[in-house]
Protein chains: 2
Amino acid sequence: MRSKIVQDGQKKKTSFIEEARRRQIVEGAISTIASAGLSQASLARIAQDVGISKGVISYHFAGKDELIQQVINALFTETNRFIKSRVDQAPDAPRRLRAFIEASFEFMAANRANFVTLVDIWGSFGSPEAKRRFNADMYDPCRHHLEGILRRGQESGDFRDFSPATLAATVQGAIDGVMLQWVFDEEAIDLADCAAELVTMFDLATRRRA
Amino acid sequence: MRSKIVQDGQKKKTSFIEEARRRQIVEGAISTIASAGLSQASLARIAQDVGISKGVISYHFAGKDELIQQVINALFTETNRFIKSRVDQAPDAPRRLRAFIEASFEFMAANRANFVTLVDIWGSFGSPEAKRRFNADMYDPCRHHLEGILRRGQESGDFRDFSPATLAATVQGAIDGVMLQWVFDEEAIDLADCAAELVTMFDLATRRRA
DNA sequence: TTGGATTCTGGCCATGCGGTCAAAAATTAG
DNA sequence: CTAATTTTTGACCGCATGGCCAGAATCCAA
């Protein structure tokens with residue numbers, strides 16, 4: 001797998017094909033989990049869907065745990081990068097908050113399998129310790145991003161006085177909660193309507209009172 | 001298990017001890033899932049935690065599927081009954097909405113294991129069909145309850161004009177999303193603060209504009 | 001071309017699972 | 001007390017899983 005002599009070869013520790021395979025397997029895993037559920041997504045099933053032998057997964061990943069971890073990383077980094085790019089284009093705090101919410105829902109609508117998979121994985125952290133780790137590694141950065149937007153909006157005088165941490169958790173929660181219902185049944189929830197409702201609601205809730 | 005001659009004995013189809021055992025096993029399952037995760041909650045583990053033999057579960061339940069279904073039923077009926085009792089005490093729509101939100105968080109704080117278990121089970125519905133069934137059986141009634149509150153508030157003139165279905169999904173989503181983060185790490189989220197924030201936010205968002 | 005390193009295959013294994021069962025224990029009825 | 005019935009036990013089964021590995025195939029530099 002890795003070179004034996006050139007063990008610390010600067011930046012090129014992994015070959016091109018290595019990274020391509022890992023990406024392929026991670027994307028295949030997301031697809032399989034989304035359509036069949038995590039409980040049915042055995043290594044054999046994932047390998048079959050991708051069209052490779054089961055051993056390839058074991059060869060490129062330390063185990064199923066690492067594969068799932070990479071899936072989580074892929075889901076979060078993709079989503080966050082998209083949201084961040086939209087937020088950064090907005091000129092002031094109120095519009096950055098609005099961009100955050102709208103980008104979240106736009107990305108959801110375009111990548112439903114990612115969120116079906118995410119919800120499946122949510123329930124797979126056995127120990128309380130594993131749950132805390134997931135929260136610290138994946139969720140906290142999102143909340144911090146939001147918190148920064150809110151805090152700067154207060155400093156600029158656009159937002160009223162509130163606890164940025166609490167409101168960040170509330171915004172994140174509202175987005176995720178609507179997303180959850182949409183994952184269960186996409187026809188039961190109108191994403192665009194909910195997004196618009198959340199945008200106006202949080203605008204009302206954050207703007208400085210006259 | 002059941003009487004053989006008195007097969008249609010009016011209302012008493014299940015004995016007293018039968019129901020007691022079922023309740024005991026369901027509660028044990030909730031506790032085991034909350035502390036170890038659904039993936040580790042085998043029938044053997046649950047039986048061990050309860051202090052009975054594995055076969056007893058198979059004797060009182062058709063299989064693990066039925067047990068999990070009963071767990072879900074227990075979680076939702078308990079929660080909904082509490083919320084409904086609080087909502088029914090409120091005199092008008094705005095206060096009923098407030099009671100709904102506050103009761104949700106009050107029940108959460110007092111029954112954390114229930115919600116840890118619920119989140120674990122959320123991800124266990126493999127097929128899209130199973131997800132839809134769960135949504136229709138468990139989630140829709142909650143949304144309908146909320147929708148009724150909102151609609152009556154519009155009819156009475158307390159609330160502005162909005163889509164009751166969309167706003168019901170939004171309220172439910174906001175509650176569940178905050179709950180989710182709290183399940184991952186209870187110290188990262190201040191439930192009381194979030195509840196207060198949601199109450200004032202949805203009050204602002206629903207009240208009729210002057 | 002050649003030889004070593006990398007990547008892939010398909011079968012194998014130990015483990016733990018849900019479920020079943022005959023027999024033992026406990027409970028209830030007569 | 002005794003017999004019938006319900007309930008519990010612990011061992012057992014078939015099965016699917018994640019992980020492993022020897023050898024085949026492929027790639028790549030010399």
Side-chain angles (χ1 to χ4, degrees), chain A residues 1-9 12-26 28-29 32-33 36-71 120-121 123-124 126-127 130, chain B residues 1-7 9 12-26 28-29 32-33 36-71 120-121 124 126-127 130:
Chain A
M1 184 174 180
R2 303 264 169 93
S3 310
K4 65 171 186 215
I5 294 182
V6 190
Q7 74 274 25
D8 56 341
K12 286 285 200 176
K13 295 163 69 177
T14 55
S15 69
F16 174 77
I17 191 171
E18 167 89 10
E19 275 310 310
R21 266 274 191 258
R22 283 174 69 96
R23 259 198 300 274
Q24 181 191 30
I25 292 170
V26 165
T32 300
I33 296 173
L38 180 60
S39 63
Q40 298 301 317
S42 62
L43 293 184
R45 174 82 181 263
I46 294 170
Q48 188 182 17
D49 288 1
V50 174
I52 58 178
S53 175
K54 197 179 77 170
V56 185
I57 302 180
S58 295
Y59 178 73
H60 290 284
F61 294 88
K64 196 179 188 183
D65 286 349
E66 196 213 334
L67 173 58
I68 298 298
Q69 189 59 49
Q70 294 305 321
V71 166
D120 260 51
I121 291 179
S124 72
S127 67
Chain B
M1 185 177 179
R2 304 262 169 93
S3 308
K4 66 170 188 212
I5 294 181
V6 191
Q7 76 274 27
K12 287 284 199 176
K13 293 163 72 176
T14 56
S15 68
F16 175 77
I17 191 171
E18 168 86 10
E19 277 309 311
R21 265 275 190 256
R22 283 175 69 97
R23 259 197 300 273
Q24 179 193 29
I25 293 169
V26 166
T32 300
I33 295 172
L38 180 60
S39 62
Q40 298 300 320
S42 64
L43 293 184
R45 174 79 181 265
I46 295 171
Q48 188 182 17
D49 288 2
V50 175
I52 58 179
S53 175
K54 196 179 81 168
V56 184
I57 300 180
S58 296
Y59 178 74
H60 290 284
F61 294 88
K64 196 179 187 183
D65 287 349
E66 197 214 333
L67 172 59
I68 298 298
Q69 189 59 50
Q70 294 304 321
V71 166
D120 261 51
I121 290 178
S124 73
S127 68

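Throughout, protein chains are lettered first and strands after them, A, B, ... in sequence-line order, and every chain is numbered starting at 1. Since the structure is predicted, the reported quantities are computational estimates derived from the model, not experimental observations.
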Measuring from the side chain of S53(A) (C-beta onward, heavy atoms only), which nucleotide among dG10(D), dG10(C), dT8(D) has the closest atom? dG10(C)

Closest listed nucleotide, where the reference is the side chain of V56(B) and the choices are dT6(D), dT9(D), dG10(C): dT9(D)

To check you understand the geometry: which heavy-atom pair defines the closest contact between I25(B) and I46(B), and what is its length? O-CG2, 4.5 Å

Which heavy atom of E66(B) sits nearest to which heavy atom of R22(B), and what is that distance? OE2-NH2, 2.9 Å

Is there a side-chain contact between F61(A) and L43(A) in this structure, where contact means two heavy atoms from C-beta onward sitting under 4.5 Å apart? no

For V56(B), does its backbone N or O pair with a side-chain atom of S53(B) as donor and acceptor, under 3.5 Å? no

Check side-chain contact (heavy atoms from CB on, under 4.5 Å) between Q24(A) and all other residues, then give those that pass, not counting sequence neighbours. R21(A), V50(A)

Length of the line joining [X]:[atom1] and [N]:[atom2], which is rounded to integer Å:
X	N	atom1	atom2	answer
Q48(B)	dG10(D)	CD	C1'	14 Å
I25(B)	dT9(D)	CD1	P	10 Å
I52(A)	dA25(D)	CD1	P	19 Å
R22(A)	dT7(C)	CZ	C1'	15 Å
H60(A)	dT9(C)	NE2	C1'	12 Å
E19(A)	dT6(C)	CD	P	16 Å
Y59(A)	dA24(D)	OH	C1'	14 Å

Contact string for nucleotides 15-26 of chain C, one letter per nucleotide 5' to 3', B = base within protein heavy-atom range under 4.0 Å, S = sugar-phosphate only, - = neither, reads --SBBB------

Starting at NE2 of H60(A), measure out to CD of E19(A) and round the result to the nearest 0.5 Å. 10.0 Å

